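One structure is given here, and the rest of the page talks about it.
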Amino acid sequence: MNTWKIYPLDQYDLAGSYDLVELQSPPGLTNMIVPKRTIDLLFTALFITGNNCHLHGSSGSGKTTLVQCLTQVPENIPPLCEAYGIEEFRVQCFSFPITAVETSAELYRLRSISPERGTYYEDSELWQWLTWVDEQEDGAEVYVAHIRELFRGQEAVEHALLDIISDGPLTAPDGRVLRRCGKRIRWVADSNMGVTSALVNQADNAILRRFPVQRHIEPTPHAERVILERLLEAEQLHYIPKHLESMLMLGARIREMQQRDGRFLSITPGIPLYLAIMKIAGQQSTMDFPDLLLHTLFGASSDEQEHLPAMFEEAFGQRKAKAALLPVGEDLL
Ligand SMILES: Nc1ncnc2c1ncn2[C@@H]1O[C@H](COP(=O)(O)OP(=O)(O)OP(=O)(O)O)[C@@H](O)[C@H]1O
Ligand SMILES: [Mg+2]
């Protein structure tokens, strides 16, 4: 088994490419633990070569939080600048979910109504920010626009992004032109591209072309175990159920089936769910773990029950597989 270590950021240059590095997260979130090679790619592209990046992967794989760590947590930047031997800079980030934009016109301006003014229009927050970036003097600032949940928005809005994500001058529908911000802004997007779901739009080549760096974010089962152990330690949860490994194996198997055969699509294995399961199991050490998985990891799957006994047998051995044989909704007595 690999023995990758977790390095704090101030020891970044000691870490190997496949080691894990701990990044400080935005307030209230657990610290992100990420393979160094992922940070190498994103940091270089966003902050050194100035290339747009798209992070894709399943829900809960940490895409949004990772972008936030690199763009909204200033403490993470100086140690990385030192490790890369570049001058320190500040990141100015504008982050927005594309799902909140209802029409392509709203990327530029919003219609409002007030008793005093009747119907009136004002610049969207995005256009205000683009205008602000356009007006800034050159300096130690890096401007990043973070689009959350790309490919889940209205298709017309996503088409309209093609015009906005560009190095050239930006022209609003009312004719106003911003000449400098196109060259200054690096775009980063996160999406569930590749996840088989009718709710995710098909990825469009013209949009993908605007993001030369395409990084799939999905921790390996080994990294997941190390990350979970660290997160459980931070929660002061010292009892780690012995079935941790089996749970991770089942999660990995589910993802494999999702990608290969389109099965178990209603399940989202990943750190947030694993953490919740381990907290419950850690609280009640006598709890039957396979049964707990039935109501958590497998809790949302109703049409794939016939596969469960074989999966449980593989994970826990024959005796425990009986948990999966019970009809859905019936408790173990
Ligand atoms: N590598 C990791 N290290 C630590 N925590 C993680 C990691 N990956 C995910 N998490 C945990 O999972 C939470 C959810 O992550 P996040 O919302 O960034 O996922 P996402 O990939 O953007 O999901 P979605 O596709 O649903 O938007 C994080 O706040 C964090 O608590
Ligand atoms: Mg997200």
Side-chain angles (χ1 to χ4, degrees), residues 4-9 12 15 18-43 53-73 76 93 95-100 144-153 187-201 203 211 214-235 237 244 247-248 251-252 254-255 258-259 265-279 296-297 300:
W4 297 320
K5 286 172 62 180
I6 302 180
Y7 287 84
L9 260 193
Y12 191 80
Y18 282 78
D19 281 321
L20 299 168
V21 174
E22 182 164 357
L23 290 170
Q24 201 166 315
S25 285
L29 295 179
T30 44
N31 279 355
M32 283 299 280
I33 298 162
V34 186
K36 182 179 183 235
R37 64 192 205 283
T38 305
I39 305 178
D40 276 341
L41 178 66
L42 296 178
F43 189 90
C53 302
H54 171 212
L55 283 63
H56 52 94
S58 60
S59 179
S61 55
K63 305 173 296 290
T64 303
T65 318
L66 175 56
V67 174
Q68 288 172 336
C69 290
L70 292 173
T71 57
Q72 291 176 40
V73 185
N76 288 326
C93 180
S95 173
F96 67 104
I98 197 69
T99 47
V144 179
H146 175 196
I147 307 175
R148 307 201 299 272
E149 309 298 349
L150 186 65
F151 302 129
R152 282 186 184 273
W187 294 81
V188 58
D190 63 63
S191 85
N192 296 123
M193 183 183 81
V195 172
T196 320
S197 161
L199 298 176
V200 179
N201 305 335
F211 295 91
Q214 300 281 340
R215 185 75 169 99
H216 184 69
I217 304 289
E218 201 80 90
T220 62
H222 172 68
E224 275 178 337
R225 182 167 59 73
V226 177
I227 292 166
L228 260 184
E229 284 172 356
R230 170 65 68 92
L231 296 180
L232 292 170
E233 201 181 297
E235 301 263 348
L237 214 147
L244 172 74
M247 177 183 71
L248 295 175
I254 289 167
R255 278 201 210 113
Q258 289 175 333
Q259 277 153 19
L265 293 178
S266 50
I267 302 183
T268 49
I271 301 280
L273 181 58
Y274 295 152
L275 199 54
I277 295 171
M278 296 313 269
K279 278 194 202 166
T296 48
L297 184 59

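On a predicted model such as this, the values are computed, not experimentally measured, just so you know. Start at 1 and go down the list; that is how both ligands and their atoms are numbered.
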Under a 3.5 Å cutoff, is there a donor and acceptor pairing between the side chains of Ser58 and Glu218?
yes
Does any N or O of ligand 1 fall below 3.5 Å from an N or O anywhere on Gly60, backbone included?
yes
Between ligand 1 and Asn192, can you find any atom pair, the residue atom being a heavy atom, that is separated by under 4.0 Å?
yes
Non-hydrogen atoms of Ile33 versus ligand 1: any pair closer than 4.0 Å?
yes
Shortest non-hydrogen pair, Cys69 vs Asn76, comes out as O-ND2, 2.9 Å
With heavy-atom distances below 4.5 Å as the criterion, would you say the side chains of Tyr274 and Glu224 are in contact?
yes
Within the structure, is a non-hydrogen atom of Pro272 found at a distance of less than 4.0 Å from ligand 1?
yes
For atom 4 (C) of ligand 1, which candidate among Asn31, Thr30, Ile271 provides the closest heavy atom?
Asn31
Taking 2.8 Å as the cut-off, does an N/O/S atom of Thr65 lie below it from the Mg ion (ligand 2)?
no
Is ligand 1 under 4.0 Å from a heavy atom in the side chain of Arg148, in the backbone, in both, or in neither?
neither
Do ligand 1 and Lys63 have nitrogen or oxygen atoms that lie under 3.5 Å from each other?
yes
Give the intermediate values and the outcome of ring pair (Phe, Tyr, Trp, His ring centres under 6.0 Å) for residues Phe211 and His56.
CA-CA 12 Å; Phe211 295 91; His56 52 94; over 10 Å; no
Do Met32 and ligand 1 have an N or O pair less than 3.5 Å apart?
no
Examine the side chains of Arg148 and Ser95 and answer whether a donor and an acceptor come within less than 3.5 Å of each other.
yes
So for Thr64 against ligand 1, with non-hydrogen atoms under 4.0 Å, the contacting part is both
Can you confirm, on distance only, whether ligand 1 has an N/O atom lying under 3.5 Å from any N/O atom belonging to Gly62?
yes
Can you tell me if Gln68 has a non-hydrogen atom under 4.0 Å from ligand 1?
no
Atoms of ligand 1 close to Ser58 [distance to a heavy atom under 4.0 angstrom, numbered from 1]
21 (O)
For Thr65, the ligand 1 atoms whose distance to one of its heavy atoms is below 4.0 Å
15 (O), 16 (P), 17 (O), 18 (O), 28 (C), 29 (O)
Rounded to the nearest 0.5 Å, what separation is found between the CG atom of Leu42 and the CG atom of Leu66?
5.5 Å
